[in-house]
Each structure stands twice: as structure tokens, then as C-alpha cells.
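Take a look at the structure below.
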Amino acid sequence: MLLGPVLVLLLLGGAGPASAHAALASTDPGDGTVLRRAPAHVTLTFSESVGLRDDSFRVLDPGGHRVHTGEAGRADGRADTARVALPGELGEGTYTVAWRVVSADSHPVSGAFTFSVGKPSQAAAPVDTGPTEDPLTAGLHKTARYLSYLAVALLVGTAAFVALCRPPDPAPLRRILVAAWWTLLAATVALLVLRAPYEAGTGPAAALDPAALGDTLTTRPGALLLVRLGLLMPVALYLVHAGRAVGTERADRRWGRTPLTAAVGVLLAVGLALTWAAAEHASAGPQVPVAMTSSVLHLLATAVWLGGLAALLTTLRSARPAPDAATVARFSRTALTAVTVLVVTGVYQSWRGLGSWQALTGTAYGRLLLAKVILVAVLLAAAAVSRRWTAALVTEPAAVREPGRVPERVPQPAGGPPPEAPRPEAPRPTQPSWAGTGTGTGSALRRGLYRSVLVEAVVAAVVLGVTTVLTATPPGRSAEEAARAAVPAGGVLPASVTTIPFEIGASGSGTVQITLDPGRTGDNAVQAVVFGPDGSLAAVPELRLSFTLPDQRVGPIEADLLDRGGYWSANTVTLPLPGTWTMKVTVRVSEIDQVSETRRIRVER
């Protein structure tokens with residue numbers, strides 16, 4: 001049952017590049033920018049808060065050698081920024097900035113961009129921008145995350161099954177609780193030691209570095225893993241205290257059936273769930289308090305349902321005598337409540353993570369979410385079959401449910417019972433047509449329920465594997481932001497770049513390079529650089545830019561360009577419609593000399 005989900009986890013988890021949950025919104029200097037003077041800082045702005053590492057920035061000179069920089073910090077104290085100071089003696093040429101930070105949901109994010117001082121280098125030197133992701137480390141990390149999800153589901157779900165469903169013999173469930181506790185302990189330790197190489201993108205051998213482990217413990221993901229380890233000790237004491245009385249008259253009082261023990265059990269379960277919610281998607285983005293609450297409820301409902309399925313399966317397989325039908329009925333009601341919570345929280349989290357309908361099919365997160373929805377639909381269909389078996393088992397007469405039980409004899413008066421008027425035969429309870437009839441009906445019901453619950457458990461394990469991959473995939477909202485603001489290495493811009501030559505008589509000539517990013521409808525950023533006749537950066541007193549869509553009689557829309565010290569830019573110019581726009585640029589080189597040139601550009605939706 002576990003092998004299939006693990007294979008799915010490894011295949012899906014290794015199919016793409018490193019997860020990038022915090023989208024890079026902007027860089028200063030911008031990618032591909034040519035500056036007159038060397039900047040004092042390099043600043044990155046992200047769509048959410050990020051954590052900094054000792055090696056968050058690597059600045060490489062035109063020859064590919066590393067530039068000595070200051071310590072990585074923040075811009076204006078904002079948690080969604082990363083800044084590093086540059087030395088003042090940067091020479092002419094193109095510089096590469098490689099960066100790596102940790103997004104708020106604990107996943108590393110990396111990338112690179114370039115800028116030039118004076119003029120671009122004639123030929124870019126090959127540079128090593130640093131590691132992105134080590135496949136072995138990433139695979140081990142994803143496997144440990146899956147096992148931790150599985151273990152907490154079994155641990156919380158089995159304990160809830162014993163407390164809420166009251167099986168007649170909980171002793172066989174001890175093995176599940178012990179195995180789940182040790183698995184969660186081992187998986188958490190593995191996640192803790194793998195955290196440093198996972199963030200750095202290096203091999204698993206880096207986990208043996210004590211200094212790296214010490215640095216991990218000072219980060220938020222490391223601290224949360226440490227809290228999870230700390231919670232496992234009181235969880236073990238709680239289970240030992242509750243399980244010591246299994247099979248005795250005190251079991252009811254210890255397995256969460258008094259207000260105090262129930263409250264302790266709920267608090268421990270919520271505490272464990274919070275260590276996941278605070279380290280993943282819910283901790284970043286919009287509506288964080290609501291999202292954290294929803295994430296905790298979603299995880300606990302998943303554990304109650306899926307862990308309860310494993311407990312029910314074990315009970316059906318090993319219970320001697322046959323399990324009490326009331327236990328099965330109690331789990332059926334508990335599972336229905338858990339499914340209701342799952343649906344409500346799942347819809348909210350899907351809306352929050354997707355951000356748009358297009359992201360449902362246009363992003364990896366959306367496609368994985370669709371796969372999960374289909375699997376959950378299959379799981380619900382199997383659960384509906386299990387409920388039919390449960391209804392048949394509950395309504396079946398006790399003598400049939402428990403073969404060998406002799407009905408109680410009722411004393412009769414001498415001479416036999418008095419004659420009675422004939423009664424209409426009571427209708428037999430509805431049961432599945434495949435339940436079987438005759439003396440083996442009770443056994444057939446239990447076998448049918450066991451097979452149905454087994455199918456549920458297998459599908460649930462696959463759902464858990466897809467969920468693990470989903471939590472390591474950029475949400476649709478972040479993926480769309482990253483696509484709009486992507487800044488790949490090497491200065492290749494995913495934007496509209498137009499070069500316009502101009503000539504102003506005796507005053508001179510040159511070219512204007514205009515970058516419209518992302519070159520689609522909606523808000524765009526504009527950068528414009530003026531070059532002289534020899535290709536070097538040129539300063540002009542004024543530069544104006546406007547856009548017109550003649551077919552729709554829209555415009556002119558002015559771009560409010562500002563001189564940034566070597567290049568001109570406008571943070572936002574809104575182009576509302578797709579089509580072929582006319583871009584008009586006006587260059588003034590003196591008080592009386594200026595020229596206007598136009599070019600047609602295509603703006604996509």
C-alpha cells in the first residue's frame with residue numbers, strides 16, 4: 001500500500017526544477033540594465049517574505065570572478081526584500097548576480113540576472129552561478145516529508161479512532177501507534193539534518209556538518225522541526241498513559257473520554273498540526289490567520305479520516321471476536337464529519353492557492369490539484385460503498401452479525417403460547433446485493449466491508465503522496481506572479497524589447513532600447529536606455545514615451561519615464577487591450593534639438 005505512493009512521490013517530485021514559492025517581483029538594478037555609474041547596492045523584492053542565507057548573494061565580475069560584497073540584509077527593514085552592498089570600485093562591463101533565499105513556506109528559491117556598468121561586455125565569460133538543487137538531497141527530503149505526513153495521519157487518526165469509536169479490543173492498534181510514533185520521530189530527524197543541504201542545493205554529505213546544523217536551528221523551518229521533536233515526548237507519555245489501561249475497565253477513562261484527557265489529546269494534535277501549517281503555504285500570502293486555521297483543521301481532518309481507515313482496517317482484520325457493529329457505525333459518523341471539514345477547508349485553500357481559473361490548468365499546482373480532486377472523488381465513492389456495508393452490518397440481527405450466538409429463550413406458559421393474529425412480515429434492512437444470504441451473511445458483510453475499507457486506504461495513501469508533492473509545488477498564484485516577473489540567468493528577458501535608431505542632424509545620432517515587461521495586457525514596467533553612435537551609454541536631458549492602439553482608438557497612453565542615472569524607467573504603464581500598438585519615443589538632446597520615432601509592437605493577452 002505504501003510502495004505505490006512513494007513511487008508516485010519520487011516520479012512527480014523529481015519531474016521539475018527546484019520549487020519556487022516566493023516570486024521575484026523586481027530587481028534593482030533591473031536585469032539587462034546598463035548603468036552610467038556602479039550601484040551601491042543590489043536589491044531584490046519578492047511577492048512574500050523570504051529568509052536570508054550566508055551565501056544569499058554571489059556577484060561575479062565580467063571575468064567570472066567573485067566580487068567581495070557586504071552581508072545580505074533587508075531594504076528598509078522589509079521582510080520581502082533582500083539587499084547586499086557592492087564595493088565602490090566596480091569596473092566597466094557586465095556583472096552577474098546569483099541569489100538564493102528561502103521562501104516563507106520553507107522552500108529555497110534561486111535565480112540570477114545581469115547588469116552592466118558603462119557598457120555591456122563584448123563577450124560574456126562563462127560563470128558558475130552556484131547550485132540549484134541536488135536530486136538526491138531533494139528526493140530524500142521529499143520522501144521524509146511524505147513519511148512524516150503518513151506518520152502523523154496514522155498517529156492522530158488511530159488515537160482518535162480509539163477515543164471516538166471505542167473498539168472492543170484496541171490492543172492490535174498499539175502496533176500502529178508505536179510504528180507511527182517512531183516513523184514520525186525518524187522522519188523529523190531526517191528533515192532536520194537534511195535542511196541545510198536542501199536549502200543550499202548540495203549533496204546529502206553536507207548534512208554531517210555540525211555548523212550547518214547549528215545554523216538550521218536558528219531558522220524558522222529548523223525551529224519548527226525542533227518544536228515537533230519536542231512535542232513527540234509528551235505525545236509518547238500520553239499514549240503510554242492511555243494505552244496502559246487498554247482492555248481494562250479504566251480504558252474508557254484514559255482514552256480521551258474525560259474532559260481533561262480529551263483536552264490534552266486535542267492540544268497535542270493541534271500543536272503537531274501547527275508545525276506543518278507554520279512552515280508551508282498557509283504561512284505566506286493573503287489571509288495568513290485564516291489560512292493557518294484552515295490548514296490545521298485540514299490536516300487534523302485528514303488524519304482522523306485516513307488514519308482512522310487504517311485503524312478500522314486493522315480492527316476488521318484482527319478483531320476476535322468480530323468487531324462490534326457500533327464501532328463501525330461510530331467511525332462512519334466520524335468520517336462523515338471529517339470529510340465535511342476537508343471539503344470546506346480544501347475549497348478555501350484551493351481558492352487561495354490558485355488565484356485564478358487559468359491557474360487550474362496552466363500551472364503545475366493546478367494540474368496536481370485536479371489530480372488530487374479526482375482521487376478524492378474516487379475515495380469518496382469507495383467511502384459511500386463502505387457506508388452501505390456499514391448500514392447493512394449495523395441493521396443485521398445480532399445473531400447473524402455474531403455467528404454462533406444463540407438467541408435468548410423466552411419462557412412460555414403451559415400449553416404453549418396463546419394464538420396471535422398474523423402480523424405482516426417486517427421488511428428486511430436494505431443491504432448491498434453482493435452481501436450474501438443465509439448463515440454466512442454476517443461473515444460476508446464483514447468481508448465486504450474489509451475489502452471496501454482496504455480500497456479506501458490504498459487510494460488514501462496515493463492521495464497523501466500527491467498532497468506531499470502539492471505542498472512542495474509553487475501555488476498557482478505564486479507561479480503566475482513568477483511567470484510575469486521571471487528574471488532568468490544571462491539577461492534574456494521574457495519581455496518585449498525594441499531598438500529604435502534616431503538621428504538629429506548635426507546634433508548626433510544613436511539608438512534607444514525600450515523594454516516592455518512583460519509585454520502583455522495589464523500593468524507593464526518600462527525601461528529605456530539611450531546609446532550613442534559608438535554603442536556607449538549616452539545621457540539625454542529628456543525622454544518621452546507613449547502608446548496608441550489605432551484600431552480601437554485607444555491612447556495615447558503616456559509612460560511617466562524618470563531618469564534613474566543612466567537609464568529611464570516607469571514602474572507601471574497599463575495597456576488594457578491586446579493588439580498591435582504604436583509606440584512613439586521622443587528623444588531631446590538639447591534645448592532645441594529633439595526627434596520622435598515610432599515603432600509598432602505586438603501586445604498579447
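Sequential numbering from 1 along the given sequence is applied to the chain's residues.
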(message) If you count every heavy atom of other residues, nucleotides or ligands that lies below 6.0 Å from E71 atom CD, does the total exceed 12?
(response) no

(request) Would you name the heavy atoms of L35 and P29 that are closest together and state the gap between them? (result) CD1-CG, 3.7 Å

(request) With the side chain counted from C-beta on, respond yes when E597 and V512 share a heavy-atom pair under 4.5 Å apart, and no when they do not. (result) no

(message) side chain to side chain contact (heavy atoms under 4.5 Å, CB included) for Y198 and L140? Distances and angles first, verdict last.
(response) CA-CA 9 Å; Y198 176 65; L140 292 173; over 6 Å; no

(request) Assess the side chains of T96 and T114: does a donor N or O sit below 3.5 Å from an acceptor N or O? (result) no

(request) State, with a plain yes or no, whether a side-chain heavy atom of T69 is found less than 4.5 Å away from one of L86. (result) yes

(request) Specify the closest pair of heavy atoms between K119 and V34, including all atoms of both residues, with the distance to one decimal. (result) CA-CG1, 4.0 Å

(message) Rounded at 0.5 Å granularity, tell me how far CZ in R599 sits from OG1 in T499.
(response) 9.5 Å

(request) State which residue, out of T43, T45, D31, fulfils the side-chain contact (heavy atoms from CB on, under 4.5 Å) condition with S26. (result) T45

(message) Does atom CZ (R602) have a neighbourhood of more than 12 heavy atoms from anything else shown, all under 6.0 Å?
(response) yes

(message) Measuring from atom CG of L191 to atom NZ of K142, what distance do you get when rounded to the nearest 0.5 angstrom?
(response) 12.0 Å

(request) Measure the CZ-CG distance between R66 and D61 for me, rounded to the nearest 0.5 Å. (result) 12.0 Å

(message) Students often mix this up, so state it plainly: with edges at 30° and 60°, are the rings of W581 and F547 parallel, tilted or perpendicular?
(response) perpendicular

(message) Assess whether a salt bridge exists between D76 and R78, defined as any Lys/Arg side-chain N lying under 4.0 Å from an Asp/Glu carboxylate O.
(response) no

(request) With the side chain counted from C-beta on, respond yes when L543 and V585 share a heavy-atom pair under 4.5 Å apart, and no when they do not. (result) yes

(message) Does R195 form a side chain to side chain contact (heavy atoms under 4.5 Å, CB included) with H141? I'd like the steps, not just the answer.
(response) CA-CA 8 Å; R195 185 72 210 171; H141 189 269; 4.0 Å; yes

(request) Measure from the side-chain N and O atoms of T81 to the backbone N and O of G77, and report whether any donor-acceptor pair falls under 3.5 Å. (result) no

(request) Quick one: closest heavy-atom pair of L342 and A301, and the distance? (result) CG-CB, 3.8 Å

(message) Just so I know, are the side chains of V102 and T219 near enough to count as touching, which here means a heavy-atom distance under 4.5 Å?
(response) no

(request) Look at the aromatic rings of F115 and Y95 and report parallel, tilted or perpendicular, splitting at 30° and 60°. (result) parallel

(request) For residues A528 and I514, report the shortest heavy-atom separation together with the two atoms involved. (result) CB-CG1, 4.2 Å

(request) Look up atom CG in L274 and atom CZ in R228, then write down how far apart they are to the nearest 0.5 Å. (result) 11.0 Å

(message) Under the criterion side chain to side chain contact (heavy atoms under 4.5 Å, CB included), I'd like the reasoning laid out for V42 against F113: C-alpha separation, chi angles, the key distance, then a yes or no.
(response) CA-CA 11 Å; V42 170; F113 66 96; 3.7 Å; yes

(request) State whether the side chain of S295 and the backbone N or O of M292 hold a donor-acceptor pair below 3.5 Å, judged by distance alone. (result) no

(request) For L516 and L575, run side chain to side chain contact (heavy atoms under 4.5 Å, CB included): C-alpha distance rounded to whole Å, both residues' side-chain angles, the deciding distance at 0.1 Å, then the answer. (result) CA-CA 11 Å; L516 187 67; L575 303 180; 3.8 Å; yes

(message) Using side-chain heavy atoms (C-beta onward) and a distance below 4.5 Å, is R100 in contact with P108?
(response) yes

(request) Give, for atom CG of L370 and atom CG of L375, the distance between the pair rounded to the nearest 0.5 Å. (result) 11.0 Å

(message) A cation-pi test, strictly: NZ or CZ of R544 under 6.0 Å from the centre of the six-membered ring of W568 and no more than 45 degrees from its axis. Yes or no?
(response) no

(request) Kindly indicate whether the side chain of I557, heavy atoms from C-beta on, has any atom under 4.5 Å from the side chain of T574. (result) no

(message) Please check this pair: side chain of T345 against backbone of V341, looking for a donor-acceptor N/O pair closer than 3.5 Å.
(response) yes

(message) Nearest 0.5 Å, please: how far is OG1 in T582 from CG in L549?
(response) 8.0 Å

(request) Would you confirm whether R74, through its side chain, and A79, through its main-chain N or O, come within 3.5 Å as a donor-acceptor pair? (result) yes

(request) State, with a plain yes or no, whether a side-chain heavy atom of T275 is found less than 4.5 Å away from one of L225. (result) no

(message) When you compare the side chain of K584 with that of T548, does any pair of heavy atoms fall below 4.5 Å?
(response) no

(request) State, to 0.1 Å, how close L213 and L192 come at their nearest heavy-atom pair, and which atoms those are. (result) CD1-O, 4.0 Å

(request) Looking only at non-hydrogen atoms, find the nearest pair between V296 and A273 and report the distance. (result) CG1-CB, 3.9 Å

